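What follows is one structure encoded as structure tokens, with my remarks underneath.
These values consider heavy atoms only, across backbone and side chains, with no hydrogens, waters or symmetry-generated copies. Since we're looking at a predicted model, the values are computed, not measured. Every chain is numbered from 1, with letters handed out A, B, ... down the list of sequences.
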There are 2 protein chains.
Amino acid sequence: MPEVQGGENLLFLTDEQLRQGIEAMFFAYRGFTADPDRILSGMAYGRAHHRAVHFIARAPGTTVNNLLNILGVTKQSLNRVLRTLVDDGLVDSRVGKSDKRERNLYLTDEGMELERKLSDAQRARMRAAYRAAGPEAVSGFRQVLEAMMDTEMRRQYYKIRDAKS
Amino acid sequence: MPEVQGGENLLFLTDEQLRQGIEAMFFAYRGFTADPDRILSGMAYGRAHHRAVHFIARAPGTTVNNLLNILGVTKQSLNRVLRTLVDDGLVDSRVGKSDKRERNLYLTDEGMELERKLSDAQRARMRAAYRAAGPEAVSGFRQVLEAMMDTEMRRQYYKIRDAKS
DNA sequence: CTTGGAATGTCAACAAAGCTGACGTATTGT
DNA sequence: ACAATACGTCAGCTTTGTTGACATTCCAAG
């Protein structure tokens, strides 16, 4: 059998395989966001609020600028979301201690309650998927996702992850 | 060492691991859409057009209703996108042969050209990620993604995938 | 101590892409 | 004949993103 693929089995790199991966990402992401979206619909919040709340919960005291980098939106867009959360008493925005231009963001008790509700739903789905697929699959899943990120996003991802160890 | 986890290693199911998976999905999806988005910005098209073009390319002759089910949007939303694509000569909408109420959708040559451009970019990233992670990781990646889909979406996914074998 | 630049906030206007509801038309199946 | 289906469309609304302009506050360098 001729080694047309450089001596390795690269069948997983055929266009058809790649297209299937693309479609899997598309359909899976729908599932990924479905449960939080369901919870948020009916409240005055949307996916953007979920993202803000998630990363504030994850890195309490984070600055607006930092959140901007993580979320990759404009400050005007984030500000609109943040303002409603602050006004509604879910997020506390405190003037920075060392640098008073900065605002450090924290969830209030009410904010934490919403975060937990959203997170519980999303983690439940992730847990079910992980459990169904098994530890080895999970490892592969994470490897491919990390390789798919833009360099700057991967940096952000590691930064958050490593702060938790 | 006590078997507090039912005899298996379930460390990959800790809340921290699940949160990392959630964030990996978030950051990776950004990368996943980044290249097509870049190509489309500047044209009068967006991500919604990309999705329509992708699935029409994937299942030529598909009906509007079928596309609606795959994309999970309202017909008004899809119609707006489809109309611009037809008007611009990227998509051909032909009256159904057996059932004249239906419209069968096809890409024109110009439509195929755009699809190829978008697909090339997205597949290049996917290929790089797959290559970096290796075949075993890719298998795990796919398993977790499939387990994460809603049942109906998984059905759609298999349907498209199996039509290509 | 003044001044330039950085971080933040805000106003206005706009665009993409989703939604609901209502309605019209052609076609099909009962 | 009539109900249901597939599609298209009008109108209006929401969420979430965008630019651009401008004010405020503050740090730090000259």
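Listed by chain and number, the residues in a salt bridge (charged side-chain N to carboxylate O under 4.0 Å, His left out) with B:E136 amount to none (sequence neighbours excluded). Residues passing the salt bridge (charged side-chain N to carboxylate O under 4.0 Å, His left out) test with B:R155 are B:E152, sequence neighbours excluded. Taking the salt bridge (charged side-chain N to carboxylate O under 4.0 Å, His left out) definition, one finds that A:D99 meets it with A:R101, sequence neighbours left out. Among residues two or more places apart in sequence or in another chain, the salt bridge (charged side-chain N to carboxylate O under 4.0 Å, His left out) test is passed with A:R58 by B:E16, B:E23. Residues satisfying the side-chain hydrogen bond (donor to acceptor under 3.5 Å, both in side chains) test with B:R51, not counting sequence neighbours, are none.
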Polar-atom pairs under 3.5 Å, protein N or O versus N or O of nucleotides 8-11 of chain C: list them with distances, or write none.
from, atom 1, to, atom 2, distance (Å)
C:dT8, OP2, A:N65, N, 3.3
C:dT8, OP2, A:N65, ND2, 3.4
C:dT8, O4, A:K75, NZ, 3.3
C:dG9, N7, A:K75, NZ, 3.3
C:dG9, O6, A:K75, NZ, 2.7
C:dT10, OP2, A:N79, OD1, 3.2

Output a table of nitrogen or oxygen pairs between the protein and nucleotides 12-16 of chain D separated by less than 3.5 Å.
from, atom 1, to, atom 2, distance (Å)
D:dT16, OP1, A:R47, N, 2.6
D:dT16, OP1, A:A48, N, 3.2
D:dT16, OP2, A:H49, ND1, 3.4

Hey, what are the protein-to-nucleotides 1-3 of chain D N/O distances that come in under 3.5 Å?
none

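Pairs engaging residues 54-74 of chain A under the ring-ring contact (aromatic ring centres under 6.0 Å, His included) rule: A:F55-B:F26, A:F55-B:F27 [sequence neighbours left out]. Applying the salt bridge (charged side-chain N to carboxylate O under 4.0 Å, His left out) rule to pairs touching residues 59-76 of chain B yields nothing, sequence neighbours excluded.
Listed in residue order, the members of residues 25-33 of chain A having a heavy atom less than 4.0 Å from DNA chain C come to none.
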Which atom pairs, one a donor and one an acceptor, fall under 3.5 Å between side chains of residues 76-88 of chain A and the rest of the protein, sequence neighbours left out?
from, atom 1, to, atom 2, distance (Å)
A:T84, OG1, A:H49, NE2, 3.3
A:T84, OG1, A:V81, O, 2.8
A:D88, OD2, A:Y45, OH, 2.4

